[in-house]
Amino acid sequence: MSGKRQLLRAVGTNVKSLSRRVYDTSPEVTAVSRCTYDATTSTQLSKCPFQPAVAETSFNTSSINVIPPAQITRGLEAIPGPQPFPLIGTIYQYFPGGQLYGMSWYDKLAKLQELYGDVVHEAVPGGLHIVHLYNPDDFLEVFRNEGKYPTRDSFFMLRRFNNKYNDGVHGIITSSGESWQKKRSKIQGKIAKPKSVRTYLPGQNPVADDFVTFLRHSRNNDGIVEDLLPELYRYATESIAVVCFNKRLGALEINSKPGSEAEQFINSVNDVLFATQSEMGSLPLYNLYDTPMFKQLCKAQSYINEVTIKNAREAIEYCKSKEIQEDNDEEANLPSHLNNSSLTDKESFTLIGDFFFGGVDTTSNLIGFVMYNLCKNPSKMAILRQEIDEVIGQAREITSENFDRLPYLKAVIKESLRVTPVSAGNLRTLATEATFSGYDVPAGTMVVLHNEWVGKQAQYVPNPDEFIPERWLRNGKYPPIHPHVLLPFGFGPRSCPGRRVAEQEASLCLIKMLQNFDIKYCHSEDMKCEMQIINKIITPLKFRFNERARP
Ligand code: HEM
């Protein structure tokens with residue numbers, strides 16, 4: 001191991017209590033089956049487009065973790081995993097007769113871990129190599145080796161759409177390198193910082209009030225909403241429009257006509273996510289011709305762009321007509337802010353489109369998951385309601401100060417993201433070679449961090465099957481959890497810029513629902529979800545909303 005990497009390894013994690021397999025004499029590592037695939041694409045893999053650089057990390061560097069060089073196994077071919085074959089790689093295991101056929105996403109990745117251990121290699125058609133990781137210590141190692149401009153290679157179809165039909169202009173989801181950083185820096189201060197997100201409260205409070213009114217109209221005579229999820233999509237769309245355009249779209253209008261702009265927009269977001277999920281585990285034929293799935297994505301993304309551009313232009317015109325120049329003016333908006341930056345119109349609109357798109361399914365499923373978990377754990381719901389009653393009471397205006405005094409609400413959201421995460425894990429392409437649990441993995445390899453799986457293992461989270469928000473409260477009553485187990489919004493400079501927006505929108509919605517209703521889950525079956533880039537709820541979220549009894 002080079003001196004530089006010895007040094008990197010030496011700045012270890014502060015979580016000493018967790019066992020590291022790399023310290024063992026590796027019997028488990030050597031016992032598992034070896035991959036004999038000749039990695040013919042190794043030249044391609046080492047062609048990293050980025051300068052080798054080490055990611056800065058703010059973690060405590062108190063303990064020393066040095067892997068003896070003799071225990072490090074080099075090269076992808078040495079990593080355990082299913083046997084790959086030329087051209088098809090390991091994809092056959094997902095087809096009938098294969099060991100992963102017909103399984104849910106979570107069951108597949110759990111099976112891979114069970115069969116091969118904490119580091120697993122898969123070869124995907126098209127010469128792509130994936131390394132699955134199941135140890136939080138290795139997650140830290142990934143972020144140390146993600147480079148100055150972290151890369152998350154995903155949304156390949158969307159990338160192709162942008163290249164082919166958006167004049168080669170990308171937002172931040174599909175861009176990389178300096179181009180990614182330039183765009184991200186333009187929007188970071190407006191969306192990602194907690195203080196700036198609070199400035200959207202005056203616009204988002206009325207959205208949450210309207211959602212409560214909307215729910216009252218959606219209930220049947222028994223107070224039942226047959227499926228809350230579509231209503232939550234409307235809420236999230238209306239609320240993210242406040243952030244993106246400082247504008248109401250009308251998604252929560254009572255008796256809004258089918259086929260409204262908001263409805264078509266929501267359907268388009270779902271179509272893009274569905275097409276993107278279909279990329280995984282299939283041959284990338286869309287690179288050769290416009291496949292039906294690619295055409296579906298193109299249609300949906302074109303609509304997302306159309307709605308974004310229309311609303312962004314209106315927002316810019318609004319600021320011009322009112323001569324609003326200052327960003328801190330209450331009537332200022334994001335498109336106008338970007339219009340005054342060095343980005344071209346197309347770059348700005350594509351960037352805003354990413355946020356508009358990113359803010360729909362994520363937030364709505366998060367709220368759905370939290371509601372479900374609370375209903376399944378009524379004692380936790382009672383504690384949360386008490387906190388809300390004490391801090392906010394029946395006030396309609398939720399202030400920035402209120403948010404700072406709701407630790408249990410934060411803990412509930414966090415625990416929900418562990419038990420029923422919106423994002424199952426994280427993805428990076430290594431900028432530099434790295435060592436994971438004793439295996440050297442070359443630069444350019446895609447690594448998948450299985451946070452959902454790790455968060456459900458008793459060795460990392462005690463009583464993992466129980467919904468215990470208290471474990472996240474900093475009162476010393478529960479043992480600390482490894483800081484890389486739960487990374488629902490990713491990590492580092494490429495982490496989710498919409499995190500604070502999502503948390504704020506979800507909190508507002510949950511507060512208002514608990515202020516107004518007694519809520520019960522009343523579907524006969526447990527909730528089920530399916531991986532469509534995010535974990536999406538696929539069974540009806542049937543709740544009874546009774547007006548809350550006032551003292
Ligand atoms: C429950 C809510 C959400 C979850 C769990 C979530 C999760 C994530 C994750 C895991 C990533 C990848 C981070 C990484 O690679 O380190 C991400 C990226 C992203 N998210 Fe979110 N997200 C949520 C809500 C939102 C919202 C509300 C928006 C828009 C306001 C948004 C916009 C984005 C964008 C644009 C990216 C790409 C960032 C980049 O590549 O630089 N997300 N999100």
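As the structure lists them, so they are numbered: ligands from 1, and atoms in each ligand from 1. The shown structure was predicted, so the numbers you read here are calculated from the model rather than taken from an experiment. Note that these values count all heavy atoms, side chains included, but never hydrogens, waters or copies made by symmetry.
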Hey, which of Glu466, Glu470, Glu387 is the one that makes salt bridge (charged side-chain N to carboxylate O under 4.0 Å, His left out) with Lys380? Glu470
Examine the side chains of Asp118 and Ser437 and answer whether a donor and an acceptor come within less than 3.5 Å of each other. no
Does CZ belonging to Phe156 count more than 12 external heavy atoms closer than 6.0 Å? yes
Stepwise side-chain contact (heavy atoms from CB on, under 4.5 Å) check, Phe155 with Ile533: CA-CA 9 Å; Phe155 286 90; Ile533 296 298; 4.0 Å; yes
Is the distance between the ring centroids of Tyr460 and His482 under 6.0 Å? no
Could you tell me which atoms of ligand 1, counted from 1 in the order shown, lie closer than 4.0 angstrom to a heavy atom of Gly490? 10 (C), 13 (C), 14 (C), 16 (O)
State whether the shortest distance between N or O atoms of Phe491 and N or O atoms of ligand 1 falls below 3.5 angstrom. yes
For Phe355, the ligand 1 atoms with a heavy-atom partner under 4.0 Å come out as 29 (C), 30 (C)
May I ask you to decide if Pro421's main-chain N or O and Asn535's side chain share a donor-acceptor pair within less than 3.5 Å? yes
Where the closest heavy atom to atom 27 (C) of ligand 1 is concerned, which of Gly359, Gly171, Cys496, Pro488 has it? Gly359
the protein heavy atom lying closest to atom 37 (C) of ligand 1 turns out to be Arg152 NH2, 3.4 Å
Contact check: Arg494 vs ligand 1, nitrogen or oxygen atoms, below 3.5 angstrom: yes
Flag the pair His523 / Phe543 as yes when their ring centroid distance falls below 6.0 Å, and as no otherwise. no
Using a 4.0 Å cutoff against the non-hydrogen atoms of Ala502, which atoms of ligand 1 qualify? 2 (C), 24 (C), 27 (C)
N/O of Asp354 under 3.5 Å from N/O of ligand 1, yes or no? no
Atoms of ligand 1, numbered as shown, that sit under 4.0 Å from any heavy atom of Ile240: 30 (C)
What's the shortest distance from atom 3 (C) of ligand 1 to any protein heavy atom, and which residue and atom give it? Phe489 CE2, 3.4 Å
Does the side chain of Ser104 pick up a donor-acceptor pair with the side chain of Lys108 at under 3.5 Å? no
Report, as yes or no, whether the 6.0 Å neighbourhood of atom NZ on Lys164 holds more than 12 heavy atoms from other residues, nucleotides or ligands. yes
Check this for me - ligand 1, Arg428, N or O atoms closer than 3.5 angstrom, yes or no? yes
What protein heavy atom sits nearest atom 36 (C) of ligand 1, and how far away is it? Pro497 CD, 3.6 Å
Does the side chain of Trp453 pick up a donor-acceptor pair with the side chain of Gln113 at under 3.5 Å? no
For ligand 1, which atoms have a heavy atom of Arg184 less than 4.0 angstrom away? 38 (C), 39 (C), 41 (O)
Could you tell me, atom by atom, which parts of ligand 1 come under 4.0 Å of a heavy atom of Thr363? 27 (C)
What protein heavy atom sits nearest atom 24 (C) of ligand 1, and how far off is it? Thr362 OG1, 3.4 Å
When you compare ligand 1 with Arg499, is there at least one nitrogen or oxygen pair between them that comes in under 3.5 angstrom? no
Starting from atom 26 (C) of ligand 1, find the nearest protein heavy-atom neighbour and note its residue, name and distance. Gly358 O, 3.4 Å
Name of the residue among Phe356, Tyr303, Phe357 meeting ring pair (Phe, Tyr, Trp, His ring centres under 6.0 Å) with Phe265: Phe356
Part of Ile191 with heavy atoms under 4.0 Å of ligand 1, whether side chain, backbone, both or neither: neither
Only heavy atoms of Trp180, strictly under 4.0 Å: list the atoms of ligand 1 that pass. 39 (C), 40 (O), 41 (O)
Kindly assign one of parallel, tilted or perpendicular to the pair Tyr521 and Tyr372, based on the angle between their ring planes and the thresholds 30° and 60°. perpendicular
Ser495: numbered ligand 1 atoms lying under 4.0 Å from its heavy atoms: 13 (C), 14 (C), 16 (O)
